[in-house]
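Reviewing the structure listed below.
Just so you know, these numbers come straight off a predicted model, no measurement behind them. Reminder, nothing fancy here: chain letters follow the sequence lines and each chain counts from 1.
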2 protein chains.
Amino acid sequence: MDVDTRLLRSFVAVAEEGSLTRAAERLFVSQPALTRQVRQLETLLGVALFTRSRTGMALTEPGRALARRVPPLLADWDGTLREARGAASRAERVLRVGFLASAANESTPGIIAEFTRRRPGWRVEMRQAAWSDPTAGLAEGDVDAALLRLPFPGQGALRVAELLEEPRWVALPSGHPLAAREELSFQELWDEPFVAAPPDTGPWRDYWLAADERGGRPVRIGAVTDRPDDWLSAIANGYGVALAPESAARFYARPGVAYRPVSGVSPSRVAVAWAPADDGNAVVRDFVDCCREAVTGPR
Amino acid sequence: MDVDTRLLRSFVAVAEEGSLTRAAERLFVSQPALTRQVRQLETLLGVALFTRSRTGMALTEPGRALARRVPPLLADWDGTLREARGAASRAERVLRVGFLASAANESTPGIIAEFTRRRPGWRVEMRQAAWSDPTAGLAEGDVDAALLRLPFPGQGALRVAELLEEPRWVALPSGHPLAAREELSFQELWDEPFVAAPPDTGPWRDYWLAADERGGRPVRIGAVTDRPDDWLSAIANGYGVALAPESAARFYARPGVAYRPVSGVSPSRVAVAWAPADDGNAVVRDFVDCCREAVTGPR
DNA sequence: CCCTTTCCATAACCTGGCGGCATGGATGTG
DNA sequence: CACATCCATGCCGCCAGGTTATGGAAAGGG
């Protein structure tokens, strides 16, 4: 008996939401499509999985049995997928490196060059991650190493080598009154609206709002973005200000956006991270070494 | 990332066969269809799974990684499916009973009637199994109990209650010289061609050929069938003879086929079986009790 | 040396399935 | 009584997958 895992994911979503309508918008499909997916799964199994009512979709007994076993199954499949992809990149001698836009900087080309020198035949594949993923794909097993910023959620489950520390500046609309100043104190920004990362990034979002360095005062959110472009636009359009690493002033310079040093807020730290499973992986270790030397050696 | 399990089964088949052509005929699809399925899976994963050559399809390293993990995954899914179906039948108060055509007999209606009396609200669903499955779906978890014949392969993994013993007779073309006799000895049949069950039924096939009661002499196979209809036709058409339980003479009477008692061959035994997991299942126990009483009580 | 066989890939065609939109029916709610 | 909320259904357009027919490459046999 064959199924598409999409049907199973849909089933799980409906089971969790208890509603076709809500599950449909969570899955970005129309509600009729979900209706048919659920029905199809039921026909396929020959089992009624839900009892329909005006109040929503309630699991039947066999539905509960299925809902208990399907999520681990899907997790297993996802793991299998990652493993196969990992094997493929190893076989092709490709090192997959994820990076946050803000964590790669001037030294990146040098790192790659040095790594390529040490590992001839190997190729580095750089993958820029969305801000909604502070581990740049490392936590999901999509990459072998990641250039990212500390701290990030789930940091304990990964190996981390800190590379450098960088003061946090503020990016603000160039027309903003505070932009006239050469330097600001963080306290002056407490009541400004901020452009923030999406809520599901948790500690990452809080870190760039410096939520715990505001003496307990609430944060005003002016806009939510998860890509550099949107982030710059939101600031330029005056929706709010945002903390950013000093290097952003060089990499994300843009008319309408001004960067100023901020005192009274802890600096940001750039690090390279890898999975504990790769502790014995000489290629990953080489890459990490290259990162370390790029910030210590040449200086 | 979503996949249809059909793609995974196809992948496993190709990996095992090492050839698209052979895998295609095993899966009952055309070879171009399989070509596209494999290609689709590779595109989906973004990974080359096979290296093609005139000599066939050889797994790549990531292909081997996948081939290692997918079969357990599919087995897990099949198990989940069985579990859900089992839960459904329990919730609907349906007892699923598999039976071999030759193992159900005159007492079956009485068994069902008695069970229904003891378990009002419950319904018995009788499912006839193909001869290729000597456990009548019990080993696969498709049924809760099974009426079958002993011995069968994998018998040790199931609970069995023997119900009755029945002599084995022989079914032969009515025009066959030996059909003129009232009774035969098995030894007289040693050189006759036999109509046999498919090879993949293993011990089951051997049992009905009485392969180990021939004093080491080889068996001549006249035809292979896995359904009663084909079996009767094969005998009537003179392709061979076959051993059968005495009751077959009543249930499978047919012009052109004669049944005669055979001496010198051990009798067949009918039993009811269930899964060890259902040892504590009162409903299954009731059904087994009904079976036992049907053959002991009334007599 | 050529012919045949055995692989896999490709092209052309056709059907069925799936998704989206619009709408309907049932049922609580202000 | 109108409205909001949910799920089901009808219709339409499109893509995906299957089949048949065919091609090309390579190995084995006469």
Under 4.0 Å: is that the gap between some side-chain N or O of [X] and OP1 or OP2 of [N]?
| X | N | answer |
| --- | --- | --- |
| B/T35 | C/dT10 | no |
| B/S19 | C/dT6 | no |
| B/R52 | C/dA9 | yes |
| B/R54 | D/dA27 | yes |
| B/R6 | D/dG18 | yes |

Test item: [X] side-chain N/O and [Y] main-chain N/O as donor-acceptor pair under 3.5 Å:
| X | Y | answer |
| --- | --- | --- |
| A/E92 | A/R123 | no |
| B/W77 | A/M1 | yes |
| A/S19 | A/G56 | no |

Gap between atoms [atom1] and [atom2], on [X] and [N] respectively (whole Å):
| X | N | atom1 | atom2 | value |
| --- | --- | --- | --- | --- |
| A/L27 | C/dG20 | CG | C1' | 16 Å |
| A/E17 | D/dC6 | CD | P | 11 Å |
| B/R22 | C/dC7 | CZ | C1' | 10 Å |
| A/L7 | C/dG17 | CG | P | 13 Å |
| A/L20 | C/dG19 | CG | C1' | 15 Å |
| A/Q37 | D/dC7 | CD | P | 14 Å |
| B/L49 | C/dC8 | CG | C1' | 16 Å |
| B/E42 | C/dC8 | CD | C1' | 13 Å |

When all nucleic acid strands are considered with a 4.0 Å heavy-atom cut-off, which category describes [X]: base, sugar-phosphate, or nothing?
| X | result |
| --- | --- |
| A/T55 | nothing |
| B/A33 | base |
| B/S30 | base |
| A/Q31 | base |
| A/R36 | base |

Test applied, side chain to side chain contact (heavy atoms under 4.5 Å, CB included); reference residue, A/D230; option that passes from A/V224, A/V195, A/T225
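Of all the options given, the one that passes is A/T225.
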
Side-chain donor-acceptor contact under 3.5 Å, B/T35 with B/Q31:
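There is such a pair (donor and acceptor under 3.5 Å, judged by atom type) between the side chains of B/T35 and B/Q31.
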
Heavy-atom donor-acceptor pair, B/Q40 side-chain to D/dA16 base, under 3.5 Å
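Per atom types, no contact qualifies.
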
